[in-house]
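Can you read through this structure? Questions will come right after.
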Amino acid sequence: MNGLINIGYGNMVNQDKVVAIISPEAAPIKRMVQNAKDEGRAIDATCGRRTRAVIVTESNHLILSALMPETIANRYQDKEWKGEEDET
């Protein structure tokens with residue numbers, strides 16, 4: 001396990017399992033989220049706030065976050081950069 005990324009409000013996700021970080025605004029993404037909820041594959045980490053990012057994992061689970069996709073992506077990239085620095 002390479003590390004955990006804070007996805008808001010004390011929730012963390014394993015960065016090695018992340019496939020994509022997407023915005024929930026498009027209709028196909030909304031359908032994907034609804035299907036995941038119906039099948040029990042959705043993990044709501046919004047703490048009652050508006051969903052602003054959907055994280056797709058290797059296991060085909062969807063994690064809903066109240067943070068913007070750009071914010072999560074920046075945290076992901078910062079983790080990657082710090083990991084490379086530590087190895088040298």
Single-linkage hydrophobic cluster Y76~I43, side-chain heavy atoms < 4.5 angstrom
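Linked, Y76 and I43 end up in one cluster.
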Any side-chain heavy atom of L4 within less than 4.5 Å of one from N14?
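Of all side-chain heavy-atom pairs linking N14 with L4, at least one is under 4.5 Å.
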Report yes or no: do I7 and V18 belong to one cluster of Ile/Leu/Val/Met/Phe/Trp/Tyr joined by side chain heavy-atom distances under 4.5 Å?
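Yes, I7 connects to V18 through the hydrophobic network.
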What distance separates I72 CD1 from I21 CD1, expressed to the nearest 0.5 Å?
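CD1 of I21 is found 5.5 Å from CD1 of I72.
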For the backbone of G8 and the side chain of N11, can you confirm whether one donor and one acceptor N or O come within less than 3.5 Å of each other?
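Yes, because the side chain of N11 sits within donor-acceptor range (under 3.5 Å) of the backbone of G8.
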Taking only residues at least two apart or on different chains, which pairs with a member in residues 22-31 satisfy side chain to side chain donor-acceptor pair (under 3.5 Å)?
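Passing the test, one end in residues 22-31: E25-R50.
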Going by the side chain to side chain donor-acceptor pair (under 3.5 Å) test, which pairs reach into residues 60-71, not counting sequence neighbours?
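Matches after skipping sequence neighbours: S59-H61.
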For the CE atom of M68 and the CZ atom of R52, what is their distance to the nearest 0.5 Å?
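The CE atom of M68 sits 6.0 Å away from the CZ atom of R52.
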Would you compute the distance between atom CD1 of I5 and atom CG of L67 and round it to the nearest 0.5 angstrom?
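Rounded to the nearest 0.5 Å, the CD1-CG separation comes out at 11.5 Å.
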Do I22 and V33 sit in one hydrophobic cluster, given that two such residues count as connected whenever their side-chain heavy atoms are within less than 4.5 Å of each other, even indirectly?
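Yes, because I22 and V33 connect within a single hydrophobic cluster, where side-chain heavy atoms sit under 4.5 Å apart.
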Of all heavy-atom pairs between K37 and L64, which one has the smallest distance, and what is that distance?
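Shortest heavy-atom contact: CE-CD1, 3.8 Å.
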Taking every non-hydrogen atom, the tightest pair across A45 and I63
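Where A45 meets I63 most closely, the heavy atoms are CB-CG2, 4.3 Å.
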Validation row: L62, V56 side chains within 4.5 angstrom (heavy atoms)
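Side chain of L62 against side chain of V56, heavy atoms only: contact under 4.5 Å found.
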